[in-house]
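Order of the sequence lines fixes the chain letters, A, B, ..., with proteins taken first and strands second; residue numbering starts at 1 for each chain. FYI, side chains are in, hydrogens and waters are out, and symmetry mates aren't considered; it's all heavy atoms of this structure.
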Protein chains: 2
Amino acid sequence: MEYLDESSFLIAFGKNLRKYRKLQGFTQEQLANDLGIEISQISRIERGVINTSIGNINSISKVLKIDIKDLFDF
Amino acid sequence: MEYLDESSFLIAFGKNLRKYRKLQGFTQEQLANDLGIEISQISRIERGVINTSIGNINSISKVLKIDIKDLFDF
DNA sequence: AAAAAAGTAGGCATTTATGCCTATATTTGA
DNA sequence: TCAAATATAGGCATAAATGCCTACTTTTTT
């Protein structure tokens, strides 16, 4: 198991989220709308610009209908 | 797979974190010191009072030497 | 190539997490 | 039971995420 520094972690997480979002057939806008959050936030999370909350990630996994653990599996 | 609302999720997450922290033989203070964050934050996370960041959780898994996915496995 | 769709960027105000500190409560061990 | 260790609580200042908005860039589709 490898541990990343925060910046690398956020970028890797974002890439993985993007993968699952597309896999489930969502645009950033659809995901943001279903979540009730800003589309710009999705963009920032996927690019690793911001360090979002675990609650937010729980909501995202709910909307995408995936296991939250998958979002941390990379 | 079951999806929790945010409040229930944060409480469940906190309980799980506490379980793994004790399992790895850390006090809240030791964990906070190793992380370089406030002990009061650990307490708040474990009680589900705050909605901490994914970067913080990555750091915690690193210090506890566990798989980050375990912290989301409940 | 042109138009449409999707994603990126940045500013500003607001909300929330965090740091720092002190005091209180609970749990553990002698 | 008493003392020590561990955890909880709250206030205040600061930093960071978020909401809301507009403009620009990149990608996709026709």
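Put simply, A:N56 has a side-chain N or O that comes within less than 4.0 Å of OP1 or OP2 on D:dT18. The side chain of A:S43 contributes an N or O atom lying less than 4.0 Å from OP1 or OP2 of C:dT8. Side-chain nitrogen and oxygen atoms of B:Q41 include none within less than 4.0 Å of the OP1 or OP2 phosphate oxygen of C:dC20. Here A:R18 does not reach the OP1 or OP2 of C:dA6: none of its side-chain N or O atoms lies under 4.0 Å away. For D:dT6, neither phosphate oxygen OP1 nor OP2 lies less than 4.0 angstrom from any side-chain nitrogen or oxygen of B:R21.
In this entry the distance linking CD1 of B:I50 with C1' of C:dT15 reads 14 Å, nearest Å.
Between B:F9 and B:F74, the ring-plane angle classifies as tilted under the 30° and 60° cut-offs.
In the set C:dC20, D:dA17, C:dG7, C:dG7 carries the atom at the smallest distance from any side-chain atom of A:Q28. For B:S40, whose side chain is taken as the heavy atoms from C-beta onward, the closest listed nucleotide among D:dT18, C:dC21, C:dA17 is C:dC21. Nearest nucleotide to the side chain of B:E38, out of C:dC20, D:dA17, C:dT18: C:dC20.
Nucleic acid contact for A:I37: sugar-phosphate only, since backbone atoms but no base atoms lie under 4.0 Å from a heavy atom of the residue.
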- Message: Quick one, B:D5 with B:S8, criterion side chain to side chain donor-acceptor pair (under 3.5 Å). Give me CA distance, side-chain angles, the key distance, then yes/no.
- Response: CA-CA 6 Å; B:D5 61 277; B:S8 306; 2.8 Å; yes
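Taking 4.0 Å as the cut-off between side-chain N and carboxylate O, B:R21 and B:E46 count as a salt-bridged pair.
A donor N or O paired with an acceptor N or O is not found under 3.5 Å between the base of C:dG7 and the side-chain atoms of A:R44.
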